[in-house]
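Just so it is clear, the model here is predicted, and its values are computed rather than measured. Just the heavy atoms: all of them, side chains too, but no hydrogens, waters or symmetry mates, feed the values below.
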Amino acid sequence: MAKGATQSAAAPRSPFSEYIGTNYIPTDTEIGQIGAHLVPYEMELFQLEAQIQELSAQRDRLKSYIDSHKALISQPRRLPQDIVAEIFLDCLPTAHNAVMDASEAPLLLRRICSRWRSIALALPKLWASLHISVGFLTTDLRTNAVMEWLRRAAPLPLYISAQYDRSGFVAHSILPFIHHFSSRWAALHLYDTPATDVFFLAAVRDAPQLADIRIDFRSDQYIDHNHANNLFAARMFAAKLPQKITIALSEPRLFVPVAPFTWDHITDLTLLQSTVTGPTDVVLSNIHVCRLLEGCQKLKSLEIPVYLRHEIRETPLVHSLETLIIHNHGTTFALLEHFFQNFILPELTKLHLTNLKFWDESRSLPAHPLVRIRDRSPLVSDLHLDLIDRSGMISVVKGLEALPHIECLSLVLKRDDHDMVALDEADLFKALTPTETSNPCPSLLDLSVYLERCRQTVWKEFLLAHLDHSTSFRRLHLHLCCQDPYDSVDQIPLPDTSQFRDRGVL
């Protein structure tokens, strides 16, 4: 090794050090001298880099040797197969069905090692759910992968969901591919379904385990009455098991047959309007609701869009209905009294009413609708009222005295373009505040209020009154709608609620 090179590790003094870091321009002679001076140092650098490469290779071989032996004694390797299987099942998504994504369970689990791959492929429950994007089925390879996925779940029931192309382009229908597995369907959810799939659905002949059906037809698709009848008369809607059915279509009234029918297998029914706005004659009227309740005598939950009218029919008695959610389309609150004259729902405990208007100004004040609800459904304990005008809210709240079993109360106070009444939130809370002599809602546990503003003094006085009178009330939810777009949530100070939390109110 050159003499200069042996001293390089000690950073020897360069004969050109006085020029380093300056703007000095070397002469031609000095350029040759600098090049000759660097030769031994460049050789030494080359040798060191070769040594580093060799040491790195040695380190990698040694680390691989150690890691391979540590793997033999690692805890995951020693886990029993049944424990690994339970861990795999806990890796599945809970908010939706499993998807065909290599970065998520279950596909991810089979890429770790051969043992885990064998366990995953031999675990039917791991493959019992699947969400499919219909646009994914563009090749035979992908279609075969879907079929193989569902075969792995045999003989377990299948939970399948599918999303069609929202743009309107439909290259494939998922139903012909999964029809072979209809005898194992437990849940089938189809979103943005084209009207052409009505024929595939009506052709399903064998779905004895199907207990959960959701079909959201595209809002721009029209389904005529005959096609709707063919669909809802299909055997997939007549399983022996209790069924939960959700249908969203542009004309929900088409779901209700004109001729008498018996659907005792349906326990939960939700009808939704797929369009945000539309004519009122496409939703359900009093007559349609009567037909449904008469034909579905074992119904426990019903959610429907309605336009209430002054129609009178023989009053049906529905013993089983526990939940009723009505999405109103242009009905005044006063018509509720008339509406509930048509039904006797003795087991009803949950009642949600949305987009309701108060009494017409030209109409004399009838018996309070909540009194009629009490007479027909005395066990109501969960009440949600969504009003789009606030002119009679205080009267509505005072009417809650007719429902002494209310435990959960939700009030949504909206304001439309014609509503010029300014609601004083103090009056609202005062109507719900207990006194020495009375408590308007003696069973109230949980109150949710949606309004534009609420002064702290108002809701604090409300809570203190409940605490001082030792009522059962325990939880208040305030949802404030800010009207000023320049208001910042960060600028709203959070109130001190410790005095209420310490006494058991959240």
Taking the side chain as everything from C-beta on, heavy atoms only, tell me whether [X] gets closer than 4.5 Å to [Y].
X	Y	answer
Glu461	Phe429	no
Leu400	Leu432	yes
Gln243	Ile213	yes

Looking at every heavy atom in both [X] and [Y], which two are closest together, and how far apart are they?
X	Y	answer
Leu478	Cys454	CD1-SG, 4.2 Å
Ser129	Asn97	CB-OD1, 3.7 Å
Val146	Met100	CG2-SD, 3.6 Å

Are [X] and [Y] linked by a side-chain donor-acceptor pair shorter than 3.5 Å?
X	Y	answer
His189	Ser161	no
Ser182	His179	no
Asp197	Tyr164	yes
Glu303	His327	yes
His405	Ser443	no

**Item:** salt bridge (Lys or Arg N to Asp or Glu O under 4.0 Å) pairs, two or more places apart, involving residues 256-272
**Value:** none

**Request:** Look up atom OG in Ser410 and atom CG in Leu385, then write down how far apart they are to the nearest 0.5 Å.
**Result:** 8.0 Å

**Request:** List the steps and the verdict of salt bridge (Lys or Arg N to Asp or Glu O under 4.0 Å) for Asp446 and Arg475.
**Result:** CA-CA 5 Å; Asp446 191 306; Arg475 189 173 291 107; 3.5 Å; yes

**Request:** Show your working on side chain to side chain contact (heavy atoms under 4.5 Å, CB included) between Phe343 and Leu321 and close with a plain yes or no.
**Result:** CA-CA 11 Å; Phe343 309 102; Leu321 194 66; over 6 Å; no

**Thr471 and Leu444: CA distance, side-chain angles, deciding distance, side chain to side chain contact (heavy atoms under 4.5 Å, CB included) verdict** = CA-CA 8 Å; Thr471 67; Leu444 188 62; over 6 Å; no

**Item:** Working for side chain to side chain contact (heavy atoms under 4.5 Å, CB included), residues Thr270 and Ile247
**Value:** CA-CA 6 Å; Thr270 298; Ile247 304 291; over 6 Å; no

**Request:** For this output row, return yes or no: ring centroids of Trp263 and Phe255 closer than 6.0 angstrom.
**Result:** yes

